[in-house]
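Structure first, then comments.
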Amino acid sequence: MVMLASFFKDPEFANVDSSENESIPFRGTILRTKSGKFSSVSEPCVSCTTFNILAPIYKRLDQQNQNVRESDFRAFWLARNERIVDWLLYESSSIICLQEFWVGNEELVQMYEQRLGASGYDTFKLARTNNRGDGLLTAIHKEYFRVLNYRELLFNDFGDRVAQLLHVQSVIPFLQNNDDSMQQEILIVNTHLLFPHDSSLSIVRLHQVYKILQYLETYQRENKLSQVPVMLCGDWNGSKRGHVYKFLRSQGFVSSYDIAHEYTDSDHKWVSHRNHRGNICGVDFIWLRNPNKSIKPLKISWAEAAFGIIKYQLQKASLNEKDAFDFLRADNNGNYITYSDFCDALKQEMKNLWVQADVDGNGVLDYDEFKRIWYCTCSENIDEDSNSEDSKEGITKEAFGFAVKNAILFPREVEKGIWPENYHLSDHARLTALFSPVRLRCSQKSL
């Protein structure tokens, strides 16, 4: 009883009409400016919230006894999650993407679906594979978008991770246009990547992102959607220093929060998560890619990122270029690396990388080919279809996209790299971004 009493006195469980409301970033057409003041937004805007809500099966209540979890105390998890829904409904974002949603508890699932549904949202949930207990929930406000299609992506790896893809269309056109062919549609992805328990999992996480982008590319090609913006939302379990960040940047995506605050790729001023080890880091992103962004071919970008991880791991072992080559060729007497040597040394995701590395296809890597890995310079033969696409680059048409108006993290202290000790709603901050529809001139190309 004492435990319950102290729980309900926590300021995070106050009603939403408390003074905390001064921190609400966007509600309807209200924008909080960088100076902290509110101002009206005359143009139509779209808001998006991503939030890892910390599944009760993972929330530890006693640091001395790690087996005591919130899921064992209904009053605890129910009150915290009702509080989360209160905030979500008060903010009323057009798009809500939640991670660590406790799909294994029917009462909690119904509470979210009923309350969000009663407030005008279509909801879509997806459990992680192998009955992990948690998963994803995406909610789309029906006043803003109609859902044209919903797809589920199961990575089927040992992390049991999943992703949701939603293809939505604006209910009322954001932009009046003379070109009826201009699609006012968005592709939205919600995901939660593998936690990097050790550095050997870096390539696995990178491959999870590669699978998402591969799936997106296929979906866009099959549905002739090359001219639509894409939003990737979720807990990426990696910071701006990591290879996943660099990979997504090479694919034309920008971090909405960093764009809103004019941060560069090398700025690391904010955090969004305090993990179970007590470390704070910035891992939650709303990525945006407009259709006018030029990108590298996906396979080349993936190979460069993966080889970059390999080089990083070898350099961590204090190996220079020649030493690394000798390490990978192991005990063979020739001046080359065999496929089995390559796999034995690097373990994960090797088949696709080998094809990229073995340029002449003779089954071994000579030193010149290895140097391409070391300096991360990959190339790929361009087929006839790609040439025909390039020939269209001079043809432009009008397309629909977004400008980032603002983005805010809550609690606000995390924007300064500080994790507040009195915050218990989750071990993640929630991120909300505001987007303004814009017209773009794009090259007319097919995926």
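Note: Phe145 and His141 fail the aromatic proximity criterion, with ring centroids not under 6.0 Å apart. Ring centers of Phe101 and Tyr112: under 6.0 Å apart, within the cut-off. His167 and Tyr219 have their aromatic ring centers within a separation under 6.0 angstrom. For Tyr423 and Trp419, the gap between ring centers is short of 6.0 Å.
Around the NZ atom of Lys125, the shell of radius 6.0 Å holds no more than 12 heavy atoms that belong to other residues, nucleotides or ligands. Residue Asn279 qualifies as enclosed at atom CG: its count of foreign heavy atoms under 6.0 Å is above 12.
Between the side chains of Thr138 and Asn190, at least one donor-acceptor pair of N or O atoms lies under 3.5 Å. Side-chain contact check for Tyr121 and Glu113: no donor-acceptor pair (N or O, by modelled atom type) lies under 3.5 Å. For the 3.5 Å distance criterion, the side chains of Glu100 and Tyr58 fail to qualify, holding no donor opposite an acceptor. Inspection of the Thr50 and Gln99 side chains reveals an N or O donor paired with an N or O acceptor under 3.5 Å. Judged purely by distance below 3.5 Å, without hydrogens or angles, the side chains of Gln169 and Arg146 pair a donor atom with an acceptor atom. At a cut-off of 3.5 Å, with distance as the only test, no side-chain donor of Asp72 or Trp77 sits close to an acceptor on the other residue.
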*Test salt bridge (Lys or Arg N to Asp or Glu O under 4.0 Å) on Arg115 and Glu82 and set out the steps.*
CA-CA 9 Å; Arg115 292 192 63 189; Glu82 285 181 334; 5.5 Å; no
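Ring planes of His207 and Tyr210: parallel class, angle under 30° (limits at 30 and 60°). Note: Tyr263 and Tyr257 have tilted aromatic rings, judged against thresholds of 30 and 60 degrees for the angle between ring planes.
Counting only distance, with no hydrogens or angles, the side chain of Ser92 and the backbone of Leu88 share no donor-acceptor pair below 3.5 Å.
Taking 4.5 Å as the limit, some side-chain heavy atom of Gln110 sits within range of a side-chain heavy atom of Glu106.
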